[in-house]
Amino acid sequence: GTPAPPLGRPAMRGGDPPRRRSRAPAEDSPAAAPPSRRAPLPSPAPVPEGTALVVRTSGSTGAPRGVVLSHAALHSSVRASLRRLGCVPGDRWLGVLPLQHVAGLLVVLRARALGTEPLIHSAFDPQAVLAERTATHVALVPTMLWRLLDHRADGGRRGRVLLGGGAPPPPPVQRRR
């Protein structure tokens with residue numbers, strides 16, 4: 001097939017970066033991680049043509065390493081998720097995941113593909129997420145979902161949650177959808 005065009009930098013209204021809500025980093029956020037976990041990868045190496053970015057792994061199965069992601073892979077991921085979720089132009093994505101993680105970056109790329117500005121929070125705060133009324137979609141990890149449910153999230157609210165980074169929710173949580 002034809003290679004996907006580079007996604008480039010997110011297009012924002014007036015050229016401004018995504019809106020950020022300032023908060024102190026949560027204890028579990030990467031900004032609060034010890035410097036050894038934020039250190040650059042050892043031995044930088046050339047990357048293949050078509051590389052969009054190199055993502056640093058957490059090192060959970062050994063030493064941290066860089067994983068190469070191509071423009072085509074990111075483009076395909078964005079297209080597939082938007083299609084699966086039934087997104088339409090004008091839908092707004094809320095970003096509460098770190099932008100240096102693939103899931104956080106994909107929020108920005110999905111918003112760009114829909115022609116909207118993502119709503120980016122600098123840290124996850126259940127009350128701030130629940131107060132956000134203009135977002136139609138949010139990407140979360142299971143721990144964030146549990147915290148929202150602990151805050152009695154309104155299951156009837158318009159919008160969709162993309163859950164990743166862990167096992168699917170148990171049946172009682174699925175029934176709350």
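Since this is a predicted model, take the numbers as computed values, not measurements.
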Close side-chain approach of L162 and H137, heavy atoms under 4.5 Å: no

Tell me, do L114 and V88 make a side-chain contact under 4.5 Å, heavy atoms counted? no

Atom of V102, atom of L69 and distance for their closest heavy-atom approach: CG2-CD1, 3.6 Å

Kindly indicate whether the side chain of D91, heavy atoms from C-beta on, has any atom under 4.5 Å from the side chain of L82. no

Verdict with supporting geometry, L106 and L74, side chain to side chain contact (heavy atoms under 4.5 Å, CB included): CA-CA 8 Å; L106 285 172; L74 291 174; 4.1 Å; yes

Quick one: pull up CG in L97 and NE2 in H121 and give me the separation to the nearest 0.5 Å. 12.0 Å

If you measure from CZ on R147 to CG on L130, what distance do you get to the nearest 0.5 Å? 11.0 Å

Are the side chain of R160 and the backbone N or O of T136 linked by a donor-acceptor pair below 3.5 Å? no

Atom of A111, atom of E117 and distance for their closest heavy-atom approach: CB-C, 4.3 Å

Starting at OG1 of T134, measure out to CG of L94 and round the result to the nearest 0.5 Å. 8.0 Å

Non-hydrogen atoms of E132 and L119 that approach each other most closely: OE2-CD1, 3.6 Å

Could you go through V54 and V68, starting from their C-alpha distance and side-chain angles, then the distance that decides it, and tell me whether this counts as side chain to side chain contact (heavy atoms under 4.5 Å, CB included)? CA-CA 5 Å; V54 177; V68 174; 4.2 Å; yes

Can you name the closest pair of heavy atoms from A139 and W93 and give their distance? N-CZ3, 3.9 Å

Output the distance between atom OG1 (T143) and atom CG (L148), rounded to the nearest 0.5 Å. 11.0 Å

For S81, does its backbone N or O pair with a side-chain atom of R110 as donor and acceptor, under 3.5 Å? no

Within-4.5 Å side-chain heavy-atom neighbours: L140 and V96: yes

For the atom pair OG1 (T116) and CZ (R92), what is the distance rounded to the nearest 0.5 Å? 6.0 Å

Quick check against the 3.5 Å criterion: does S76 have a side-chain atom that pairs as donor or acceptor with the backbone of A73? no

